[in-house]
Amino acid sequence: MGPFTFSVLAVVAHACLISAEQQPLISASIPHLPIRVAALGDSYSAGLGSGKFLSHSNDGRDNACARMDGSYPWLLSKLNPFHIGQGYLPNFVSCSGNLLRDIDSQIEALDGKRFDVVTLSISGNDFKFGQAVVNCVYPYRLLPGTRRFEKACNDTLTKAQNAIEDPAKWNNFTKVIEKMKSEVLTTAGRIYITGYAKFFAPPRENDACDSTYFFPRRLFAALPMKSATRLRLNSLVDLVNSKTQGKIISQFASSVAFVDIDSHFTGRRFCEPENDEDPIGADNPNVWFNDLTTTLEEDSAWNPETVTPSPERDPWSAWALDLPESVKNDTEIVGRGIGDNLQRASTFHPKKAAHILTAIKLGNMILEDFARQVSSPV
Ligand SMILES: *[C@@H]1O[C@H](CO)[C@@H](O)[C@H](O)[C@H]1NC(C)=O
Ligand SMILES: *[C@@H]1O[C@H](CO)[C@@H](O)[C@H](O)[C@H]1NC(C)=O
Ligand SMILES: *[C@@H]1O[C@H](CO)[C@@H](O)[C@H](O)[C@H]1NC(C)=O
């Protein structure tokens with residue numbers, strides 16, 4: 001199955017997403033779904049780096065959490081003909097940088113309300129993906145601590161892998177789902193967990209990326225993007241996705257579903273063979289991850305909450321600390337400068353194009369689940 005073979009409903013939904021103001025194409029035959037939606041999770045759900053900041057959520061924390069109008073929960077709420085959401089998502093509580101343990105406070109922010117559809121993206125920060133990107137993709141020669149960059153990268157990848165293989169983390173993930181089921185889900189409601197996507201095309205030894213430095217100033221760049229590192233990063237993403245399905249989805253099959261976001265990135269990752277001229281493709285519309293130098297749509301400042309900034313939550317702040325001002329603020333690298341909070345944190349996050357497909361896929365799954373419930377009520 002190719003990345004674009006969704007059902008007819010999804011195609012119609014896509015048409016309506018693009019022209020949301022126009023008349024629904026088949027309104028007479030499609031039910032108005034009484035679906036209440038909430039969105040929980042981390043930056044992959046908030047949509048960090050995918051558009052403009054939102055400003056409508058009940059908790060007033062859209063900027064602090066970097067919730068954006070290119071995020072899949074927001075786009076899902078706009079799948080108009082089916083009324084999945086109301087074109088508006090007041091119960092959007094996802095927050096960039098959040099860990100499994102932060103879901104408790106996201107649940108609290110929902111004030112005891114219950115929802116038919118709850119979307120969730122979580123665990124990437126617990127599994128140290130941000131730190132891995134900092135240490136393996138964007139290290140630079142003035143970074144404090146070790147000068148043995150390759151070892152620091154390898155060690156971070158090993159730590160990430162150990163965390164993913166730690167059963168205690170998955171027990172905590174299980175507890176999060178149990179709490180969500182008992183406190184925010186309606187009886188027939190469903191939680192849709194979106195996975196993560198592999199960052200790199202299948203690595204080939206000595207391909208163009210093997211000698212490509214992702215840090216944008218060659219003088220300071222410390223590590224080329226070697227195929228062995230890409231392979232390991234990709235396999236960690238696969239491991240999180242497969243464990244999420246094996247350890248979480250399988251336990252709660254009647255009320256929790258997995259949404260694969262990886263397959264629609266096929267051909268849209270960093271280091272695709274057809275992009276050998278520019279293997280990063282920061283502003284290439286066919287590369288669906290942001291790079292450190294991607295031109296972002298948002299032009300205002302992001303003020304993340306810095307309650308207890310820890311490397312676990314924000315590995316990028318330590319990264320930026322020793323960056324020379326001349327590089328940090330160089331507007332020739334990118335308009336905002338790579339020292340900018342939003343610029344750094346958006347790195348290795350999906351662009352809006354990817355979120356559109358996630359929203360369509362999710363909308364399609366919700367409709368199929370709804371149709372099944374209608375034909376065999378619980
Ligand atoms: C890092 O790991 C790669 C393979 O994943 C290995 O080839 C390389 O020697 C390691 N480097 C160091 C410094 O440990
Ligand atoms: C699991 O959650 C508890 C409670 O939040 C926490 O103390 C513990 O460190 C977590 N375990 C892991 C492995 O993250
Ligand atoms: C670099 O940018 C920061 C934040 O915009 C600013 O506070 C600082 O003064 C700038 N430094 C230089 C040398 O322009």
Side-chain angles (χ1 to χ4, degrees), residues 40-43 93 95 97-109 120-141 143-184 193 196 198-207 209-215 221-240 243-244 246-248 251-252 270-271 307-315:
L40 285 76
D42 57 20
S43 55
V93 294
C95 200
N98 272 14
L99 302 157
L100 278 164
R101 66 168 179 260
D102 298 310
I103 298 297
D104 275 2
S105 60
Q106 293 191 11
I107 291 173
E108 257 172 56
L120 175 68
S121 160
I122 200 70
S123 79
N125 294 314
D126 298 83
F127 297 135
K128 305 177 195 306
F129 279 127
Q131 192 68 59
V133 169
V134 163
N135 285 357
C136 295
V137 184
Y138 297 104
Y140 59 93
R141 297 201 168 277
L143 208 55
T146 182
R147 290 188 61 83
R148 300 168 67 201
F149 298 105
E150 193 173 287
K151 181 168 187 307
C153 162
N154 283 2
D155 289 352
T156 305
L157 293 175
T158 301
K159 279 187 195 143
Q161 184 167 350
N162 291 343
I164 299 168
E165 280 166 359
D166 180 359
K169 292 267 184 212
W170 295 97
N171 285 343
N172 281 2
F173 202 148
T174 298
K175 285 186 196 138
V176 161
I177 300 298
E178 279 167 352
K179 191 172 164 86
M180 285 175 67
K181 272 189 68 176
S182 74
E183 296 181 20
V184 302
I193 301 180
Y196 294 92
K198 291 190 285 293
F199 306 116
F200 302 101
R204 300 144 294 144
E205 234 175 291
N206 302 316
D207 60 14
C209 256
D210 246 25
S211 53
T212 298
Y213 291 83
F214 273 58
F215 189 85
L223 280 182
M225 202 62 255
K226 289 278 191 200
S227 59
T229 308
R230 281 177 274 147
L231 207 53
R232 270 191 94 183
L233 270 164
N234 274 358
S235 64
L236 292 181
V237 173
D238 275 339
L239 192 58
V240 170
K243 283 196 182 277
T244 302
K247 297 199 177 284
I248 305 296
Q251 264 191 88
F252 299 100
F270 292 123
C271 308
V307 192
T308 43
S310 64
E312 200 181 17
R313 273 163 203 272
D314 185 12

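Everything quoted here is computed from the prediction, not taken from an experiment. Any value given below was found using the heavy atoms of this structure, including those in side chains, with hydrogens, waters and symmetry copies removed. Ligands are counted one by one from 1 in listed order, and the atoms in each one are counted from 1 as well.
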Would you say Asn135's side chain and Thr156's backbone share a donor-acceptor pair under 3.5 angstrom?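 Checked: no pair found.
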Using a cut-off of 6.0 Å, state whether more than 12 heavy atoms not belonging to Lys159 lie near its atom NZ.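 No, NZ of Lys159 has 12 or fewer neighbouring heavy atoms, counting only those of other groups under 6.0 Å.
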Which bit of Asp166 gets closer than 4.0 Å to ligand 2, counting heavy atoms only: side chain, backbone, both or neither?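 Answer for Asp166: side chain.
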List every atom of ligand 2 that sits less than 4.0 Å from any heavy atom of Ala168, numbering the atoms from 1 in the order shown and giving each element.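 Contacts of ligand 2 toward Ala168, numbered from 1: 13 (C).
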With side chain to side chain contact (heavy atoms under 4.5 Å, CB included) as the criterion, how do Lys179 and Ile103 come out once you've worked through the C-alpha distance, each side chain's angles and the decisive distance to 0.1 Å? CA-CA 9 Å; Lys179 191 172 164 86; Ile103 298 297; over 6 Å; no
Taking non-hydrogen atoms within less than 4.0 Å of ligand 1, which protein residues qualify?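 Lining ligand 1 at under 4.0 Å, by heavy atoms, one finds Glu150, Lys151, Asn154, Arg232.
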Considering distance alone, does some N or O of Asn172 sit under 3.5 Å from an N or O of ligand 2?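 N/O-N/O distance below 3.5 Å exists for this pair.
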Are Arg230 and Asp210 close enough for a salt bridge, meaning some N to O gap below 4.0 Å?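 Yes.
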Centres of the Tyr196 and Phe127 rings: under 6.0 Å?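 No: the rings miss the under 6.0 Å criterion.
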With Phe215, the ring pair (Phe, Tyr, Trp, His ring centres under 6.0 Å) member among Tyr138, Tyr140, Phe149: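 The ring pair (Phe, Tyr, Trp, His ring centres under 6.0 Å) with Phe215 is passed solely by Tyr140 among Tyr138, Tyr140, Phe149.
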Side chain to side chain contact (heavy atoms under 4.5 Å, CB included) assessment of Leu120 paired with Ile177: CA-CA 10 Å; Leu120 175 68; Ile177 300 298; 3.7 Å; yes
